[in-house]
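Notes for the one structure printed next.
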There are 2 protein chains.
Amino acid sequence: MDIKTLCLGLLCKGEASGYDLKKQFESTFKHFYPAGYGSIYPSLADLAAKGLVNCREMAQEKKPDRKVYSITDAGRQAFKEALQEADPEHKLRSEYLVAMYFADFLEPQRLEQMLSGWHETLGNGVTRLDSIEKGFGNDAPAGTRFVLGFGKAIAHAMAQYIEENRDMLTGTEGSRPGERSRETGSTASANNIETRL
Amino acid sequence: MDIKTLCLGLLCKGEASGYDLKKQFESTFKHFYPAGYGSIYPSLADLAAKGLVNCREMAQEKKPDRKVYSITDAGRQAFKEALQEADPEHKLRSEYLVAMYFADFLEPQRLEQMLSGWHETLGNGVTRLDSIEKGFGNDAPAGTRFVLGFGKAIAHAMAQYIEENRDMLTGTEGSRPGERSRETGSTASANNIETRL
DNA sequence: TGCAGCATGTAATTTGTTACATGATTAA
DNA sequence: TTAATCATGTAACAAATTACATGCTGCA
């Protein structure tokens, strides 16, 4: 599955311009299938060339022209087939986890910073998804509710894992849940990795 | 960050061949940074060309020759810098979620199948990570423990979310927000997470 | 006899990202 | 006046996947 197919799927739900699709990618899809204009516009051109979508140009007053794409029967068919086929892939690629794996190559304060930054980012993600959900009111389709809820649940789980396990990496002395280390000094933190790097 | 950098990082922890590195990617890294031979071998060649690693060929009896790569000072330096820099990216791309978003385009039994398959896959993932963890005994470095634990925690959270919310998509009676099916002893619905982290 | 493991790589292709290129309107 | 929103695209580049290509050993 690629972004082209996803564009096709979105057009099954209603006609839209490339710009419109981008907004959908930014809101509902961002946390599990991001895409930019650089992928979307060529996709639409390609779909149109294959007869899977139709395009009609609309002039607008005081706004640039827009090209509105609508699905064709062949397109709807093609999407259904694409959706059916193949065992779905679920791929994660995380530089945060790479950094954590190599935590002993980072300076302690940089590590702390990363963990905090990650945690904060996750919190913002939950907030973001929350407001998207509210934006739908009560009319959000089941699929939308499912994926938004998923995003929130997982972001929350990640944040919680970080909270509960960060001291595994930061090497706080006798750190127990609830006891916070004072930083700033960073002297005593016995970090046992080769000093001359 | 790319696979080349990750190879460099792994070589910081000890010398290895491309084949060895692949095994590490298969075990510890698979759930957050997968890579195949097609990425690893060219990476090593490139790192060697740049003087970031050294290579020595070792003849073996009854086995193919192997090329063992070891990090150089420049390489260690380069890795540390790569690790420091940039706000880390954490990217998910899930065809499962795409399928769930478009659930109404799937035939009910195919949907059920996908949900079950996904759930099962997640369970296998946890089992896999568990056995990797056990393979380390007690000597697993903190970074390794952190990333393996992370993988398990998140896979578990996803499985739980699916359990608790699958009826949102499958249209089982009682899937309305007010009327959710209660599962024995199960925690609060992952759908209603506190925004504050 | 056949398959899994050991061990290396290349080349073509696919895919997506980034930077570039343009330009009007509207709200702060 | 500055920035954001609307709106479209292309071209160069980066990165990773897939298929191809080889061949021996040991086990069941």
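Chain letters run A, B, ... following the sequence lines, proteins first, then strands; residues in each count from 1.
Within the helix from dT1(C)-dA28(D) to dA28(C)-dT1(D), the inter-axis angle between the opening and closing five-pair segments is 50°, rounded to 10°.
Between I40(B) atom CD1 and dA7(C) atom C1' there is a gap of 13 Å when expressed in whole angstrom units. Rounding to whole angstrom units, NZ of residue K91(B) and C1' of dT15(C) are separated by 12 Å.
Each of L44(A), D46(A), I40(A) was scored for a side chain to side chain contact (heavy atoms under 4.5 Å, CB included) with K4(A), with one residue passing: D46(A).
Here dT8(C) is the nucleotide among dA16(D), dT8(C), dT10(D) with the atom lying nearest to any side-chain atom of Y19(B). In this structure, of dA15(D), dT8(C), dT10(D), it is dT8(C) that holds the atom nearest to the side chain of K67(B). Picking from dT17(C), dT8(C), dT25(C) the nucleotide with the shortest atom distance to the side chain of Y41(B) gives dT8(C).
The six-membered or imidazole ring of F146(A) lies near that of Y161(B), with a centre-to-centre distance under 6.0 Å. Aromatic ring centres of F29(A) and Y33(A): separated by at least 6.0 Å. Ring centroid separation for the pair Y37(B) and Y41(B) comes in under the 6.0 Å cut-off.
Heavy atoms of Y69(B) sit under 4.0 angstrom from primed sugar atoms or phosphate atoms, though from no base atom.
Side-chain nitrogen and oxygen atoms of R93(A) include at least one within less than 4.0 Å of the OP1 or OP2 phosphate oxygen of dA16(D). A sub-4.0 Å separation between OP1 or OP2 of dA7(D) and a side-chain N or O of Q60(A) is present. Contact annotation: S39(B) reaches the phosphate of dT17(D) (side-chain N/O to OP1 or OP2, under 4.0 Å).
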F102(B) and F79(A): CA distance, side-chain angles, deciding distance, ring pair (Phe, Tyr, Trp, His ring centres under 6.0 Å) verdict: CA-CA 10 Å; F102(B) 291 108; F79(A) 177 65; 4.8 Å; yes
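Remark: the Q109(B) side chain and the Q113(B) side chain contain no N/O donor-acceptor pair separated by less than 3.5 Å.
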